[in-house]
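Beneath this line is the structure, given in structure tokens, with notes to follow.
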Amino acid sequence: MIGACRHGRMSPGKAPMSTQNIFLQAPAIAPANRALRRHQRPCVLWFTGLSGSGKTTIAGLVERRLAELGLHTYLLDGDNVRHGLCRDLGFSDADRVENIRRVGEVAHLMADAGLIVLSAFISPFRSDRRLVRQLMEPGEFVEIFIDTPLGECERRDPKGLYKKARAGQIGNFTGLDSPYERPEQPELRLATLEETAEQCAQRVLDYLAARQLLAPPAA
Ligand code: ADP
């Protein structure tokens, strides 16, 4: 068996040798009870898009609004995770896959703890995003595509990374020499050329409210 999952759900894939003698323990407190005690419904808000598209900015605004509503959240940010949990990983395709696999497992555990998790990762590959979705209960994974054209991301270049990539100082840069696979059916698509960051954040809040994800769970 692989990886403990909420409601008995397993991480998809074949069990590696290292987990063959590992036995899942039934949780002493059911995840639904943890969420109940927090008076909220857990979910994962998965922001995906090119570097500089606005993931961190919009996720930060959403998290602040959720906190104002008294909800318990955690924002997983690509840069921060790469300084710790994933500091051994680079930007090859294989390392990007492993990066998202780890983040997906962490997001899943945090949702198990009853939190509303916001994750801001480029997460360029559809198959990786699908794997994280499969860890979650239906309706609990909200894929939010920050749809900003490459040219605009490059114009904003908030961290100066496009400039460095164009100068040949960074390789495997998403959108330039590494692919980004657009979500085909995201729960939300936010076009940052058409709406301000505040308006985009409000659209996320509206989506959550419409699906009762801001309301306390039924006891
Ligand atoms: P990412 O996390 O996707 O790499 P960041 O949030 O760090 O992107 O940077 C996005 C930049 O774009 C910020 O400087 C932000 O102020 C700017 N920006 C301009 N318009 C918008 C918008 N409508 N939504 C989000 N960010 C925007």
Side-chain angles (χ1 to χ4, degrees), residues 43-68 73-87 89-93 95-104 106-107 110 116-126 128-129 132-133 141-167 169-184 186-208:
C43 64
V44 173
L45 308 179
W46 191 273
F47 295 82
T48 172
L50 294 171
S51 177
S53 57
K55 301 180 295 297
T56 307
T57 304
I58 297 169
L61 289 171
V62 172
E63 187 180 35
R64 200 173 315 146
R65 296 284 300 280
L66 292 173
E68 284 164 8
T73 60
Y74 196 89
L75 172 57
L76 285 163
D77 180 81
D79 286 345
N80 296 348
V81 166
R82 278 189 176 276
H83 279 287
L85 177 68
C86 297
R87 71 173 165 214
L89 300 176
F91 290 88
S92 66
D93 282 4
D95 279 3
R96 284 172 187 270
V97 170
E98 176 60 11
N99 185 45
I100 297 306
R101 189 194 71 77
R102 288 184 199 175
V103 170
V106 170
M110 288 186 166
I116 297 176
V117 185
L118 303 94
S119 82
F121 293 82
I122 298 173
S123 46
F125 302 130
R126 268 183 213 125
D128 299 342
R129 299 192 298 260
V132 183
R133 181 186 289 275
F141 182 82
V142 182
E143 188 171 9
I144 303 168
F145 176 29
I146 309 300
D147 191 0
T148 308
L150 176 64
E152 172 65 9
C153 293
E154 193 162 357
R155 192 192 63 74
R156 291 179 189 168
D157 205 5
K159 298 170 200 139
L161 296 177
Y162 285 93
K163 203 164 172 219
K164 282 189 184 167
R166 289 287 186 197
Q169 292 163 11
I170 306 176
N172 293 329
F173 198 79
T174 304
L176 300 184
D177 54 356
S178 185
Y180 178 78
E181 298 172 356
R182 293 166 64 91
E184 286 169 331
E187 275 72 16
L188 270 174
R189 173 184 163 270
L190 304 176
T192 71
L193 277 183
E194 294 160 23
E195 293 182 293
T196 64
E198 285 74 16
Q199 288 169 329
C200 292
Q202 184 58 48
R203 290 232 285 123
V204 178
L205 270 294
D206 291 346
Y207 176 93
L208 297 176

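Indexing begins at 1, ligand by ligand and atom by atom, following the structure's order. Starting from 1, each residue takes its place in the sequence as its number.
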Handout entry: Donor-acceptor contact present, side-chain Arg87 to main-chain Arg82, <3.5 Å
Key =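 Judged by distance alone, no pair lies under 3.5 Å.
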Taking only non-hydrogen atoms of [X], do any sit less than 4.0 angstrom from ligand 1?
{"X": "Leu50", "result": "yes"}
{"X": "Ser53", "result": "yes"}
{"X": "Gly52", "result": "yes"}
{"X": "Pro158", "result": "yes"}

Exercise for the section: With atom 18 (N) of ligand 1 as the reference point, say which of Arg156, Glu198, Lys159 has the nearest heavy atom. Expected result: Arg156
Among protein heavy atoms, which lies nearest [atom], and at what distance?
{"atom": "atom 8 (O) of ligand 1", "value": "Gly54 N, 3.2 Å"}
{"atom": "atom 5 (P) of ligand 1", "value": "Thr57 OG1, 3.7 Å"}
{"atom": "atom 3 (O) of ligand 1", "value": "Lys55 NZ, 2.7 Å"}
{"atom": "atom 23 (N) of ligand 1", "value": "Glu195 O, 2.8 Å"}
{"atom": "atom 2 (O) of ligand 1", "value": "Thr56 OG1, 2.5 Å"}

Problem - Short N or O distance, Ala197 and ligand 1, threshold 3.5 Å exclusive - result: yes
Handout entry: Ile58 N/O under 3.5 Å from ligand 1 N/O
Key =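 No, no N or O pair falls under 3.5 Å.
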Exercise for the section: Would you kindly specify which portion of Ile146 sits under 4.0 Å from ligand 1, judged on non-hydrogen atoms: side chain, backbone, both or neither? Expected result: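 For Ile146, no heavy atom sits under 4.0 Å from ligand 1.
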Exercise for the section: Is it possible for you to check whether Arg129 lies under 6.0 Å from the centre of the six-membered ring of Phe141, through NZ or CZ, and within 45° of that ring's axis? Expected result: no
Problem - Ser123 side chain to Asp128 side chain, donor-acceptor N/O pair below 3.5 angstrom - result: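 Result is no, nothing qualifies.
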Handout entry: Arg166 and Glu154 ion-paired at < 4.0 Å
Key =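 So Arg166 pairs with Glu154 through a salt bridge.
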